[in-house]
Structure formats: C-alpha cells, structure tokens
Amino acid sequence: MDPLKALADAERKPYWLDNPARPEPQPRLDQHTSADLVVVGGGFSGLWTALMAKERDPSLDVVLLEGRRIGWAATGRNGGFCMATLTHGLANGLERWPDEIDRLERMGVENLDEIERTLERHDIDCSFERTGELHVATEPWQLDGLNEHLDLISELGLDYVPLDQEQVRGEIDSPTYLGGLWERSGCAMLDPARLAWGLREACLRLGVRVHERSPVRSLRDDGTMITLHTPYGSVTAPKVALGTGVFPPLLRRLKHFVVPVYDYALMTEPLTDAQLAQVGWRNRQGVGDSANRFHYYRLTDDNRILWGGYDAVYYNGGLVKPEYDQRDETFVKLAGHFYDTFPQLAEVRFTHRWGGVIDTCSRFSAFYGQAHGGRLVYATGYTGMGVGATRFGANVMLDLLSGERTERTELRMVQEKPIPFPPEPVRSGVIQVTRWSIAQADQHQGKRNLWLRALDRMGLGFDS
Ligand SMILES: Cc1cc2nc3c(=O)[nH]c(=O)nc-3n(C[C@H](O)[C@H](O)[C@H](O)COP(=O)(O)OP(=O)(O)OC[C@H]3O[C@@H](n4cnc5c(N)ncnc54)[C@H](O)[C@@H]3O)c2cc1C
C-alpha cells in the first residue's frame with residue numbers, strides 16, 4: 001500500500017497511552033509538606049525508585065512528584081522491549097567494561113527476573129511475554145556482526161540461538177532476512193503504559209504519596225535538608241532521587257552528559273489470523289535488525305505490529321518540544337520499510353504514529369551519581385534501553401542514598417561517568433556529522449569512516 005494512504009487515518013498519539021484504562025491523575029501538590037524521601041519524575045525511573053524504597057523500608061515516608069502525568073514521556077511511548085542488558089547490549093558492555101561483563105550480564109538477567117516477580121507480587125497485568133529478541137541480519141555485513149561474539153556468548157552461558165536464513169524465515173517470514181540470532185530469555189515484551197500505571201498503583205497501595213501535574217521548578221539545599229518547589233506547593237526531605245530523564249535537569253551538571261534524541265514509531269491495525277499466518281511469528285519475539293540505523297518491531301497482545309526506529313533525530317539546539325513528537329517524513333519512511341519487510345502485509349494500515357524523546361549519553365548506557373553531599377542522587381542516560389534497566393538504576397540510587405557499598409555500587413560502570421558532549425553550537429555540528437556518518441556506514445557494508453573510527457577510539461558515540 002502507498003505509505004501516505006496507509007497512514008491517512010493514523011492517530012497522532014502514542015498507542016499505549018490511548019487506552020481507556022489510563023488512570024485519572026493523582027492530585028497536585030498544593031501545600032508544604034515534608035517526607036523522608038522525595039522522588040522526582042513519574043516515568044519508570046521514578047516509579048521503580050519509589051516502589052523499591054517502600055519495599056526496602058515500609059516505614060519510609062515517600063513522596064513522588066511528576067510534572068505532568070505518570071508515564072506520559074518515554075515511559076509510555078516506547079517499544080516495550082524489556083531487556084536484561086544493562087549496557088545497551090553485550091557488544092557495548094564488552095567494549096567498555098570487559099573486566100566486569102560477566103557480572104553485568106548476570107545482574108541484568110537477575111534484574112529482569114525480579115521485574116517478572118514484581119509483576120506477580122503486585123498483580124500488574126502489562127501483557128508481559130518473555131519471548132526474547134530476534135536479532136536479524138538484512139545485509140551480509142550484518143551477519144558478521146551477529147556472529148562476532150558467539151564464543152563469548154557460550155562462555156557466559158547466555159541463551160542465544162544462531163539461525164541461518166531458512167531458520168530465521170521459519171520464525172518470521174521476511175524476504176529481507178539473511179540470518180539471525182535469537183536471544184531467547186534476555187528480553188520480554190510488555191505494554192509499557194500498563195506497566196507504569198501498575199507500578200503507580202503498587203506505589204499508592206504501599207503508601208507512596210504521588211502527586212501528578214506537579215513540576216519541580218527549583219531546589220534549595222540548607223545543608224541538611226532539600227526543599228523542592230512546585231508551582232502550588234513544596235516538600236522538604238533529607239533525601240532526593242531524580243528520575244527526570246532528559247528533561248531540563250534540576251542538577252545543572254547533567255546537561256553536559258545527556259542530549260534529547262527523538263525516536264518514532266507506528267502501530268498497525270490488528271492483523272487477522274490469516275495475515276499473521278502469512279508471517280509466522282509463532283514465538284512472538286521482539287525483532288531488531290542489525291543496521292546502525294535499526295528498526296525494532298513486535299506484536300501486541302491483540303496482534304498489531306509496533307514498528308519503530310531507524311531515524312534517530314537530534315534537533316539543533318537540543319530542546320525538548322511537543323512539536324518534535326510528530327515527524328511525517330519519518331513516518332512515511334517507516335511505513336515504506338514496513339512493506340519492504342513484509343510485502344505479504346500490503347493491505348495492513350496504521351492506526352497510530354508518534355515520537356518520543358530519548359536521554360542519549362555518549363556511552364549509550366545509564367550513568368549514576370550523587371550531589372549535595374550525598375543527599376541527592378540521579379540515574380539517567382539510558383539511551384533508548386531503559387524499560388528494564390531503570391529498575392537497576394533505581395536500585396543503584398537507593399544504594400547510594402543509603403550509603404551502603406553493594407555489588408552494584410562497586411561496579412566500574414556505576415562509578416564512571418560518560419564523556420560529556422561539547423556545548424552548543426559545536427554539539428549540534430558534531431552530532432549531525434556523526435548521524436550522517438552512521439547513515440553512510442549502513443550504505444557501505446558497515447564500513448566506518450575516519451570520523452566514526454576516531455570517535456570509536458575515544459569511546460564516544462551517538463545512538464538511540
Ligand atoms: C519511541 C521510543 C521507543 C523506545 N523503545 C524502547 C524499548 O523498546 N526498550 C527499552 O528498553 N527502552 C526503550 N525506550 C527508552 C525507554 O522508554 C526509556 O529509557 C525509559 O522510559 C526512561 O524512563 P525514565 O523514567 O528515566 O524517563 P521518562 O519516561 O522520560 O520520565 C521522566 C519523567 O520525569 C518527569 N520530570 C522531568 N523533570 C521534572 C521535574 N522538574 N519535575 C517533575 N517531574 C519531572 C517527566 O515529566 C517524565 O514523566 C524508547 C524510548 C522512546 C522514546
């Protein structure tokens with residue numbers, strides 16, 4: 001189908017948030033109050049932090065402040081790939097922390113197991129399906145990349161199955177596939193908005209005071225207590241955790257380390273049984289192709305296909321703006337790629353199109369830290385892979401606040417910071433040259449130009 005026609009009736013809003021089950025917001029903070037811990041941000045980072053703070057110590061008085069609605073930002077707009085990796089994939093982790101990769105992989109799997117147990121414990125229904133992720137190669141050079149770490153994968157005991165062309169097409173039938181690698185238990189598919197709302201419910205049940213539409217505008221530290229001001233109220237506490245993603249940070253230093261990168265997605269109408277049978281997909285894996293500019297896609301519980309990725313857009317100046325949530329040029333491109341991948345679905349139309357902003361840092365995986373004499377902690381920089389990893393980051397923040405040394409806080413990954421981005425306008429120039437070079441690499445059998453090789457040597461990069 002012509003992409004323009006296929007998109008004609010697609011709503012301009014995130015599919016997951018367009019759900020009658022979306023709960024009414026909790027009341028604004030409209031007075032002065034005090035608490036033992038204030039969590040800022042009602043995405044996955046903040047929700048996990050508040051929930052686990054209460055699970056660690058039920059007597060703790062916890063306030064969560066969200067500027068808009070719970071889960072409205074990246075948390076309610078993502079692909080719903082809940083991955084074990086804490087390092088934005090094995091290759092990135094291995095490159096940066098080879099000496100601790102076995103621990104990082106183990107801790108990532110434990111984190112995903114714990115997420116699954118939390119859903120059971122708090123009775124959260126978010127269509128969690130631990131189907132794994134199928135990494136597919138659509139160009140010969142991508143096959144080499146997939147096979148590169150097979151020895152290490154078996155050494156680490158990871159549950160990956162290499163698939164040749166026939167086998168991968170036996171799983172999911174696309175004429176574009178040349179081979180694949182099925183990471184079988186390291187990834188689950190879920191409905192991210194229903195997870196966020198379920199975590200909110202669990203927080204409320206444990207006694208967390210949740211205030212939505214309560215943006216924190218300023219922060220004052222008197223040496224022992226921190227006071228956070230919202231437009232209609234304030235809260236004072238000895239401890240603060242920031243889970244504010246890529247939004248203008250309350251801690252100025254963070255703006256050097258994270259940049260807003262926009263990522264876009266489409267949702268199809270539900271496939272009929274006959275349409276689904278033409279694709280196969282009996283094992284319902286999430287799929288990612290192996291280009292630098294990659295697509296990610298998956299089935300929903302009612303057999304729609306979420307189709308996203310490819311363009312990772314940095315708007316010069318580095319601002320977060322509502323108008324950037326829509327990008328027709330990208331939607332048309334994505335729709336075209338969808339039909340190239342699944343020509344048998346030529347009659348399928350799209351019902352939703354949306355974008356969201358990603359907290360990209362130069363090492364692609366989250367970083368953590370403390371300020372104000374250890375009274376304030378933060379975790380950000382998940383670079384498009386935070387659905388699962390935010391729970392680990394929340395645990396790191398709670399460890400740091402408690403002052404305890406744990407296996408997590410001893411990690412080099414936790415102690416080190418990414419290389420900062422240069423200030424604007426140099427930042428925009430550097431990022432756009434990098435984006436251009438990445439696109440060139442995809443068109444030239446993955447060959448990285450001088451610029452990308454120089455960045456690789458410095459341990460710097462750009463991704464979504
Ligand atoms: C299109 C898209 C697809 C993605 N796909 C995947 C995927 O499949 N798998 C995966 O692992 N990751 C994916 N991601 C990334 C993932 O969604 C994020 O890593 C994760 O949701 C980050 O959660 P967060 O809580 O840190 O940030 P956010 O969800 O951005 O939440 C931050 C919250 O803080 C609030 N806030 C900020 N400042 C203040 C303030 N001053 N006062 C009060 N509140 C404040 C904001 O309003 C916001 O609600 C995707 C992201 C996008 C955009």
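Please read all numbers here as calculations on a predicted model, not as lab measurements. Atoms within each ligand, like the ligands themselves, are counted from 1 in listed order. Counting from 1, the numbers follow the sequence of the chain as shown.
- Scanning the protein for heavy atoms near atom 44 (N) of ligand 1, the closest one is Gly67 N, 2.9 Å.
- Closest protein heavy atom to atom 13 (C) of ligand 1: Gly384 O, 3.1 Å.
- Between His352 and Tyr15, the ring planes are perpendicular. Angles over 60° get that label, and only those under 30° would be called parallel.
- The heavy atom nearest to atom 7 (C) of ligand 1, considering only Trp48, Phe81, Tyr262, Phe44, is found in Phe81.
- To the nearest 0.5 Å, the span separating CE on Met107 from CZ on Arg408 amounts to 6.0 Å.
- The side chain of Tyr382, and not its backbone, has at least one atom closer than 4.0 Å to an atom of ligand 1 (non-hydrogen atoms only; side chain from C-beta on).
- By the criterion of a heavy-atom distance under 4.0 Å, the side chain of Phe247, and not its backbone, is placed next to ligand 1.
- Between the choices Leu228, Thr85, Ile358, the shortest heavy-atom distance to atom 52 (C) of ligand 1 belongs to Ile358.
- Given atom 26 (O) of ligand 1, the protein heavy atom at minimum distance is Ser45 OG, 2.7 Å.
- Only side-chain heavy atoms of Tyr296 come within less than 4.0 Å of ligand 1; its backbone N, CA, C and O stay farther off.
- Heavy atoms of Ile70 found under 4.0 angstrom from ligand 1: none, in either backbone or side chain.
- Taking the six-membered ring where the residue is Trp, Tyr324 and Tyr315 present parallel rings, their angle staying beneath 30° rather than reaching 60°.
- Note that CG of Leu51 and CD1 of Ile124 are 7.0 Å apart. Values are rounded to the nearest 0.5 Å.
- Looking at atom 34 (O) of ligand 1, its nearest protein heavy atom turns out to be Gly41 CA, 3.3 Å.
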Step-by-step side-chain hydrogen bond (donor to acceptor under 3.5 Å, both in side chains) determination, Thr409 to Asp399: CA-CA 7 Å; Thr409 62; Asp399 290 349; 5.5 Å; no
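- Between Gly388 and ligand 1, no pair of N/O atoms sits closer than 3.5 Å.
- Scanning the protein heavy atoms around atom 32 (C) of ligand 1, the nearest turns out to be Gly243 O, 3.5 Å.
- If you check which protein heavy atom lies closest to atom 50 (C) of ligand 1, you get Asn78 CB, 3.2 Å.
- A parallel orientation is assigned to the rings of His135 and Tyr160, their planes being inclined by less than 30° (bins at 30° and 60°).
- Under 4.0 angstrom from ligand 1, the non-hydrogen atoms of Leu65 all belong to its backbone.
- Among Arg28, Arg200, Arg68, Arg22, the single residue meeting the salt bridge (charged side-chain N to carboxylate O under 4.0 Å, His left out) criterion with Glu212 is Arg200.
- Below 3.5 Å of separation, one finds no N or O of Gly356 facing any N or O of ligand 1.
- Among the atoms of Thr75, some N or O lies under 3.5 angstrom from an N or O of ligand 1.
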Before you tell me yes or no, could you show the steps for Thr351 and Arg304 under side-chain hydrogen bond (donor to acceptor under 3.5 Å, both in side chains), namely the whole-Å CA-CA distance, both residues' side-chain angles and the distance that decides it to 0.1 Å? CA-CA 10 Å; Thr351 61; Arg304 297 162 185 270; 3.2 Å; yes
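- Protein heavy atom at the shortest distance from atom 42 (N) of ligand 1 is Val216 N, 2.9 Å.
- The single protein non-hydrogen atom nearest to atom 33 (C) of ligand 1 is Glu66 OE1, 3.7 Å, given as residue, atom name and distance.
- The parts of Asp263 lying near ligand 1 are both backbone and side chain, judged by heavy-atom distances below 4.0 Å.
- Considering backbone and side-chain N/O atoms, Pro248 never comes within less than 3.5 Å of an N/O atom of ligand 1.
- Ring planes of Tyr264 and Phe331: perpendicular class, angle over 60° (limits at 30 and 60°).
- Considering backbone and side-chain atoms alike, Gly79 places an N or O below 3.5 Å from some N or O of ligand 1.
- Classified by interplanar angle (parallel below 30°, tilted 30° to 60°, perpendicular above 60°), the ring pair Tyr296/Phe294 is tilted.
- Side chain to side chain, Asp289 and Thr138 fail the donor-acceptor criterion of an N or O pair below 3.5 Å.
- Of the heavy atoms in Trp72, only side-chain atoms (C-beta onward) come closer than 4.0 Å to ligand 1.
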